[in-house]
Amino acid sequence: MKMPATKKERMLMFALGGVVGVVVLIGGVLWGVLPLLDGRRAMQSSLVEIGEKLKKAKRELDYAPAIQREADDAVSQMERIRAENILRPILGSYLVGVSEQIESVARSTQVHIEEIREVGVVNTPAKGKNRSLQEFKSFVVQVNAEASFAAIFQFLQKMEERNPFFCVNEIGISSQSDSPEKQRLTVRMEWPIEPKTEGAKGGGL
Amino acid sequence: MHVNLLLEEEQRSSSPVSLGLAIRLAVITVSVLLIVGAFSFYAEYRALQNQVTSTTDDWKRTEPKYKAAVQLRNELADRNVTLNEITGWRDSRIAWGKQLETLQQAVPAVIQLTELRVSQMVLSLSNNVSARVYEMRISGKTAAPRSEVNVVQFLEAFKQPPFSGVIESAVLPPGAFRQDPTAKTDRIFEIICKYVPRALE
């Protein structure tokens with residue numbers, strides 16, 4: 001290209017070139033560089049975010065074997081408790097099994113049982129005010145009996161040894177003037193039961 | 001005398017670097033820098049894109065395992081809640097068989113118990129945890145001579161081991177120590193023992 005002949009024309013051409021250059025530069029920055037920079041920033045933040053998630057996941061996965069062992073242990077503990085300690089109904093009745101236990105222990109400890117009265121299924125003491133679901137309820141009976149003081153505590157000890165979840169929540173022992181060796185015993189006993197069997201209340205077959 | 005016959009347009013700079021050359025050089029330099037910058041930016045951009053793709057793929061592979069691990073943790077928490085509930089039940093009770101045996105051993109020979117009552121209440125502790133609280137009321141009688149000493153001695157037994165660990169307070173309420181209306185030579189009394197609250201967890 002031939003340069004303009006006069007200095008004025010050359011200056012004009014340079015100025016025009018400059019303006020075009022600036023316009024092209026601004027256009028390039030606005031529609032080319034800035035979107036790319038935004039994209040890069042977005043990718044960087046997404047990389048950081050995913051990196052954090054991966055770190056968190058890795059930590060969680062590192063703990064997973066220990067959690068699995070703990071969960072297995074909790075399951076086996078719970079299964080053992082369910083099998084051995086949670087009261088199960090016999091043909092829909094809790095009272096039948098409970099009466100058998102009480103009478104068997106009473107015979108071996110010289111306690112004369114007069115009455116085993118079913119109180120029923122009651123809610124277990126709430127653990128926290130926010131607990132909406134109680135996993136367990138309790139089956140309660142009241143036993144009236146007569147025995148010596150020593151026989152009474154042996155009777156209760158044996159009941160407690162049979163099932164560490166067996167709970168006594170009321171006791172009344174009173175002496176009898178006509179028979180000082182024998183005490184009158186009223187005891188309220190309870191066993192944990194599972195709510196899913198709540199419908200099958202005790203009280204006979 | 002020096003006569004300049006050149007027109008203004010015909011005048012040339014005597015400098016070895018002309019303005020045109022300088023401009024050309026500047027344009028070339030800027031262009032090269034721009035091309036190098038653009039290329040390096042593009043390379044970095046592509047590397048970043050690859051890194052994002054690879055990390056996203058990594059996350060896609062890890063996410064199901066992570067979700068399974070989180071679910072396992074939640075299940076464990078649920079199981080522990082259930083387990084704590086039932087073990088809390090067990091641990092909050094009192095083995096009354098053993099407690100009554102210990103009581104029998106603690107009763108002085110000069111005291112005769114006439115009645116014993118145990119009741120249970122459920123209270124909410126300050127940390128919003130429920131607790132079983134037992135109360136034991138013991139009624140008895142003793143011969144009038146040294147009756148006060150006998151009863152105080154019996155009362156003191158509840159402040160000593162093995163009772164001191166489980167009994168919070170043992171008191172003789174006002175008016176609970178008095179003459180037996182049926183036998184004037186005897187004194188009757190009542191002791192109230194409050195047990196330490198036993199949290200249900």
Side-chain angles (χ1 to χ4, degrees), chain A residues 3 5-7 14 36 39-40 43-44 46-47 50-51 53-54 56-58 60-61 63-64 67-68 70-71 74-75 77-78 81 85-86 124-130 134-136 138 149-150 152-161 164-175 192, chain B residues 8-9 20 23 41 44-45 48-49 51-52 55-56 58-59 62-63 65-66 68-70 72-73 75-76 79-90 92-101 103-104 112-120 122 124 128-132 134 136 200-201:
Chain A
M3 289 288 277
T6 63
K7 194 175 181 179
F14 287 139
L36 280 175
R40 188 176 72 162
M43 280 195 289
Q44 276 168 340
S46 144
L47 204 60
I50 298 172
K53 285 198 312 200
L54 275 170
K56 196 176 162 190
K58 193 176 175 314
E60 190 66 42
L61 290 173
Y63 288 127
I67 290 174
Q68 183 67 63
E70 219 179 307
V75 167
Q77 271 189 65
M78 204 55 234
I81 290 171
N85 307 119
I86 304 293
T124 53
K127 283 184 72 177
K129 283 180 180 165
N130 296 332
Q134 289 278 316
E135 292 281 337
F136 300 97
S138 60
F149 194 84
I152 289 171
F153 68 67
Q154 281 166 10
F155 167 68
L156 293 179
Q157 270 176 14
K158 281 206 170 183
M159 289 295 293
E160 284 158 350
E161 280 162 16
F165 290 78
F166 160 80
C167 184
V168 170
N169 53 28
E170 271 182 39
I171 306 173
I173 301 172
S174 51
S175 61
Chain B
E8 198 181 343
E9 298 84 52
I23 289 168
F41 180 82
E44 191 202 339
Y45 193 84
L48 199 60
Q49 265 184 332
Q51 211 180 339
V52 169
T55 314
T56 308
D58 200 5
W59 173 243
T62 312
E63 195 181 12
K65 293 181 205 163
Y66 170 66
V70 168
L72 181 67
R73 184 183 280 276
E75 280 172 14
L76 173 65
R79 281 170 187 161
N80 279 340
V81 166
T82 308
L83 201 57
N84 286 344
E85 191 174 341
I86 193 68
T87 52
W89 162 289
R90 180 193 60 199
S92 63
R93 77 204 173 97
I94 284 181
W96 280 106
K98 185 72 192 157
Q99 195 70 193
L100 293 182
E101 185 183 8
L103 175 69
Q104 191 191 41
Q112 185 196 346
L113 299 188
T114 53
E115 192 173 22
L116 182 147
R117 299 216 162 269
V118 172
S119 59
Q120 176 206 282
V122 176
S124 187
N128 204 20
V129 169
S130 300
R132 291 183 202 264
Y134 290 95
M136 180 168 68
L200 277 145
E201 68 176 38

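Residue numbers start from 1 in every chain, and the chains themselves are labelled A, B, ... in the order their sequence lines are given, proteins ahead of strands.
In this structure, chain A has heavy atoms under 4.5 Å from both the backbone and the side chain of B:Tyr45. Using a 4.5 Å cut-off between heavy atoms, A:Gln68 contacts chain B through both its backbone and its side chain. For a residue to count as touching a neighbouring chain, one of its non-hydrogen atoms must lie under 4.5 Å from one of that chain's; by this rule A:Lys56 touches chain B with backbone and side chain alike. For A:Phe155, no part sits under 4.5 Å from any heavy atom of chain B, backbone or side chain. B:Glu101 touches chain A through backbone and side chain together, each having a heavy atom under 4.5 Å away. Proximity to chain A (any heavy atom under 4.5 Å) is restricted, for B:Asn80, to the side chain, taken from C-beta onward. Within the 4.5 angstrom heavy-atom criterion, atoms from both the backbone and the side chain of A:Leu54 approach chain B. Residue contact with chain B, scored on non-hydrogen atoms closer than 4.5 Å, involves the side chain of A:Ile152 exclusively. Interface remark: A:Gln44 contributes backbone and side-chain atoms alike to the contact with chain B (heavy atom separation under 4.5 Å). Of the atoms belonging to B:Ile23, it is side-chain heavy atoms, and not backbone ones, that fall under 4.5 Å from chain A.
Side-chain atoms of A:Glu160 come within 3.5 Å of backbone atoms of B:Gly97 as a donor-acceptor pair (strictly under, hydrogens ignored). Using modelled atom types, one side-chain atom of B:Arg93 and one backbone atom of A:Phe166 make a donor-acceptor pair closer than 3.5 Å.
Looking at residues two or more places apart in sequence or on another chain, you find a side chain to side chain donor-acceptor pair (under 3.5 Å) between B:Glu115 and B:Arg117.
Comment: A:Arg40 engages B:Glu44 in a salt bridge, judged by a side-chain N to carboxylate O separation of less than 4.0 angstrom.
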* Asked: Would B:Ile86 and A:Asn85 count as a side chain to side chain contact (heavy atoms under 4.5 Å, CB included) if you check the C-alpha gap in whole Å, the side-chain angles of each, and the deciding distance to 0.1 Å?
  -> CA-CA 10 Å; B:Ile86 193 68; A:Asn85 307 119; over 6 Å; no

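At most 12 heavy atoms of other shown residues, nucleotides or ligands fall within 6.0 angstrom of atom OH in A:Tyr63.
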